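Counting convention: from 1, in listed order, for ligands and their atoms alike. Numbering of residues begins at 1 and proceeds along the displayed sequence. Predicted model only: the values in this text are computed from it and were never measured.
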Amino acid sequence: MNATSSNDDTITTSAPGKVILTGEHFVVHGSHAVAAAINKRARATVSPTKELESEIVSDGVTSPVLRDDGLFQVIKSVVASIFKEYGKPKSKFRIQIDSEIPQGSGLGSSAAIAVATSAALTSFMGEKMSNDQIRDLASVGEKSVHGNPSGIDTQASLQGGVFLFNRENGPKPIRIDRALQLLVVFSGRTRKTAELISKVNEVRNKNPGSFQHLLRAASFLSVEVSDALTRCDLPRLGSLIDLSQLSLSCIGVSTNELDTLIESLRMADALGAKITGAGGGGSVIALPKQEEADLLLRRISSDYPHSFLTPLPQEGLRWEM
Ligand code: PMV
């Protein structure tokens, strides 16, 4: 992989957020899932600084890179694991993060920041990294926020595209011959993935047998979604997305508010709609009739201004000039 540095030693990388089309939560416990990178990105710029301490800057807030005060937890744990693996760089540096991905929205903001930071900082240090090495470093950031991530978010940010994924076999890219538009609607309610994951763990511990059946169904649905994408069979894809929402409701990660939003998208003629990511708030995706994608966006935007269309597929990690 080639790193590009601009005038001085400054390195800028960017990585996309993601949506999950089916299989979230179940993927943590071993099922298949389908994810896609989206057209919202996080950017990391690493440059030398004359300050006494290396620092992280985001949204006008600055924090020393080594102070363990919980601020910028993801970035700090990525930096700590880079130092552990490769030693500290000779010069002090500044990491500037600019992200278009709303945090806590189910759109993979922390994974995108972790991937962009891992790539930019190691490149700044002169290390030549493989994708696997960048992924492993970025995963440390994800683990610091929710303990046992499946790795699907990191994979989407790193590799981009649309893919079928499970923990055992990793990603299998899905080729889609016709560009596809998905609608993403941020409910406006942020939440913590870790809390939703432990809620699902409780459901699983109370009903291990039933959970296994739901998990198998989610895995099967993901393979079906992959097939519908390959064939560009959008009516089938829409109904699989609806089925996937039912399985998420069964494990308690939907809310009345999200159910209402999903129903209004279906009433507005979406082919299918569901939560994307951990649920409990966050975001919803809808599959528009492709010729009516703009119309669906307009219909929903008055109530949900943080809505956007994303064409699929999207590029993964990128070195910016
Ligand atoms: O953190 P989110 O909302 O982007 O969701 C991540 C997807 C989960 O399946 C809930 C967790 C995981 O690690 O796969």
Side-chain angles (χ1 to χ4, degrees), residues 15-38 40-42 73-74 77 99-115 135-136 138-159 162-171 182 184-204 211 214-215 217-219 221-222 225 244-245 247-255 258 261 274-285 306 310 314:
K18 65 90 195 46
V19 287
I20 298 184
L21 279 83
T22 184
E24 52 272 88
H25 285 292
F26 297 105
V27 68
V28 173
H29 303 279
S31 92
H32 286 295
V34 173
I38 58 170
K40 300 267 177 240
R41 303 182 73 86
Q73 187 185 345
V74 171
S77 47
S99 180
E100 305 164 345
I101 311 162
Q103 271 190 347
S105 65
L107 299 177
S109 141
S110 57
I113 289 172
V115 167
R135 189 199 49 226
D136 291 348
S139 303
V140 176
E142 278 286 271
K143 282 184 191 134
S144 77
V145 276
H146 69 90
N148 182 24
S150 66
I152 195 168
D153 287 22
T154 310
Q155 194 63 48
S157 290
L158 184 65
Q159 287 218 295
V162 186
F163 57 91
L164 181 69
F165 178 93
N166 75 13
R167 289 186 91 139
E168 200 181 334
N169 302 312
L182 264 192
V184 183
V185 182
F186 175 39
S187 67
R189 191 175 294 279
T190 57
R191 78 290 169 289
K192 288 201 164 74
T193 300
E195 286 168 12
L196 275 304
I197 286 188
S198 68
K199 187 171 180 190
V200 172
N201 279 335
E202 276 172 33
V203 173
R204 179 178 177 239
F211 189 86
L214 288 170
L215 186 144
S219 218
L221 266 176
S222 301
V225 162
S244 173
Q245 173 60 20
S247 67
L248 291 169
S249 292
C250 286
I251 55 170
V253 297
S254 199
T255 63
L258 293 172
L261 165 56
K274 67 178 276 289
I275 294 166
T276 187
S283 300
V284 158
I285 52 167
H306 303 292
T310 180
Q314 290 288 325

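- Checking each of Val34, Val225, Leu21 against Leu164 for a side chain to side chain contact (heavy atoms under 4.5 Å, CB included) leaves exactly one that passes, namely Val34.
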Check the pair Thr190 / Gln103 against side chain to side chain donor-acceptor pair (under 3.5 Å), numbers first and verdict last.
CA-CA 7 Å; Thr190 57; Gln103 271 190 347; over 6 Å; no

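- Side-chain atoms of Ile197 and His25, non-hydrogen and from C-beta on, do get closer than 4.5 Å to each other.
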Can you check side-chain contact (heavy atoms from CB on, under 4.5 Å) on Thr276 and Val284, steps first, answer last?
CA-CA 5 Å; Thr276 187; Val284 158; over 6 Å; no

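- The shortest heavy-atom contact between Lys18 and Ala156 is CB-CB, 3.5 Å.
- Relative orientation of the His306 and Phe186 rings is tilted, given thresholds of 30° and 60° on the angle between their planes.
- When heavy-atom distances to ligand 1 are checked against 4.0 Å, the residues falling inside are Lys18, Ile20, Glu24, His25, Val27, Val28, Gly106, Gly108, His146, Pro149, Ser150, Ile152, Asp153, Arg191, Thr193, Ile197, Gly277, Ala278, ordered by chain and number.
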